[in-house]
There are 2 protein chains.
Amino acid sequence: MTPPLFDPEKPRDRLLSAAARLFHRQGFAATTVREIGAEVGILSGSLFHHVKSKEDMLFAVMERVISAMHDALRAELASASDPQTRLRALISVELRYLHGPAADATGVLFHEWRALSEARRAVLLDGRSAYFALWQQVLTDAQTAGLTTLDPTMLRQFLHGALAWTSFWYKPGGALDLEALTDQALTLVLPPLR
Amino acid sequence: MTPPLFDPEKPRDRLLSAAARLFHRQGFAATTVREIGAEVGILSGSLFHHVKSKEDMLFAVMERVISAMHDALRAELASASDPQTRLRALISVELRYLHGPAADATGVLFHEWRALSEARRAVLLDGRSAYFALWQQVLTDAQTAGLTTLDPTMLRQFLHGALAWTSFWYKPGGALDLEALTDQALTLVLPPLR
DNA sequence: GGAAAACAACCAAGCGCTTGCTTGTTTTTG
DNA sequence: CAAAAACAAGCAAGCGCTTGGTTGTTTTCC
């Protein structure tokens, strides 16, 4: 369906994928370039042939997820017209990235944001705002349609937080599958009429 | 009202308070013992007179918040009987710790959990479960009272995530005060009847 | 009740080790 | 046979933590 975030054919991508895995598992600061090298089967020095610095890897990983999530959400919204379906798309994309094949990279984006230098954070913020602009529009439409009474901006923050935090407790492969989790999150935002 | 988390009279507490501030701002791994020493005005070596290791400080900070939050919530629940008021107490305590005077320590508990060794995480988990047991009961009662239709465990995870994530975007002192934020969060869980 | 012992708090110095990264050379590969 | 990818070796800086010793304040005890 969608191409994988990192192409296993390309050496640099293999490196970034390994870095994402380790950054996610241990955190950026606690991961050494020697560990990253070992993960892909090369010595630490060789790694700088593909990348300028350790922070470069963090930046590249985040950049990759940001544009991939944006593309995925835009594609999904393009084929959804009614407010409720669009609302579900928001949640679905977020949860699929957080718990699907791109889980490591997405986790790094969410939890290692502060490890990035301020200058590079500013660069990424552009792409990130574009993604959240989509959210804002969908949530505003949902409010107009009477699906929710909360202020769209507030709802965006709360919903995004609730979903992001699933990375701490939700384990795929258990009794609750991703589809069911998506439904539950939708119920949180969109309580049944009574 | 409640005693501060760290007593400025006690040298060890001053140290832990400074550590919490730095751990929160830069992350545990990215903070050096030399920085912590400088923050309280002593040399890095002297710091080990009060504490056995750098990780000890992280542990002590988290331990302090955990029991303080538990005490605060228990006290608040003791004087609240109806389900909705109790629900509000849950949110209120969480947000007051996240954005009040104990913000640094609470942020450390929330965001540096993985930096702690597994053995010590297990120790803290006991106190943490006690806190969440209070949540569980309040949310179950709320469901019984017909205030919400979501499964209490699910709601607990979503709500806690939404609140925890406020530390990334909510800045106290702005247009939205803590009381108003609490109301908004309550509205998320408890949509107006219609 | 006053000397002796203990203690809390810190400094100055530095040890052993790890860190991110560089350099020069060799191997692999299209 | 060149370009890409890796190795081997190591540097400078910084890391957590230890050591031995100096203060000033309590506590102990005959």
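In what follows, every chain begins at residue 1, and chains take the letters A, B, ... in the order their sequences are listed. Since this is a predicted model, take the numbers as computed values, not measurements.
Between A/Phe48 atom CZ and C/dT19 atom P the separation is 12 Å, expressed in whole Å. In this structure, B/Glu35 places its CD atom 7 Å from P of D/dC15, rounding to the nearest Å. Spacing between atom NZ of B/Lys10 and atom P of C/dA9 amounts to 11 Å, rounded to whole angstrom units. Here D/dG16 presents its C1' atom at 17 Å from NE2 of B/His50, a figure rounded to the nearest Å. The CG-C1' distance, from B/Leu43 to D/dT22, rounds to 14 Å in whole Å. Whole-Å rounding puts the A/Glu39 CD to D/dA6 P distance at 15 Å. One atom, CD1 of B/Ile36, and another, P of D/dG16, lie 8 Å apart when rounded to the nearest Å. Per the geometry, CZ belonging to A/Arg12 stands 14 Å off P belonging to D/dA4, to the nearest Å.
Side chains of B/Ser167 and B/His111: a donor on one and an acceptor on the other come within 3.5 Å.
Salt-bridge annotation for B/Arg120 and B/Asp56: present, with a side-chain N of the basic residue lying under 4.0 Å from a carboxylate O of the acidic one. Salt bridge absent: A/Arg12 and A/Asp7 never bring a charged side-chain N and a carboxylate O closer than 4.0 Å. The pair A/Asp104-A/Arg25 fails the salt-bridge criterion, with no side-chain N (NZ, NE, NH1 or NH2) lying under 4.0 Å from an Asp/Glu carboxylate O. A salt bridge links A/Glu76 to A/Arg96: at least one charged side-chain nitrogen sits closer than 4.0 Å to a carboxylate oxygen.
Test B/Trp165, B/Phe132, B/Tyr131 against B/His160 for ring-ring contact (aromatic ring centres under 6.0 Å, His included) and you get one pass: B/Phe132.
Residue A/Ser46 has a polar side-chain atom (N or O) positioned under 4.0 Å from OP1 or OP2 of D/dC7. In terms of phosphate contacts, A/His49 brings no side-chain nitrogen or oxygen within less than 4.0 Å of OP1 or OP2 of C/dT22.
For the helix from C/dG1-D/dC30 to C/dG30-D/dC1, the end axes, each set by the C1' atoms of five terminal pairs, are bent relative to each other by 30° (nearest 10°).
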Pair B/Ser117-B/Glu55, side chain to side chain donor-acceptor pair (under 3.5 Å): steps then yes or no
CA-CA 8 Å; B/Ser117 72; B/Glu55 201 198 352; 3.0 Å; yes
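Each of B/Pro11 and B/Ser44 was assigned the nucleotide of DNA chain C with the nearest heavy atom; the assignment lying further toward the 5' end belongs to B/Pro11.
For a distance-only test at 3.5 Å, the side chain of A/Arg34 qualifies as a donor-acceptor partner of the base of C/dG20.
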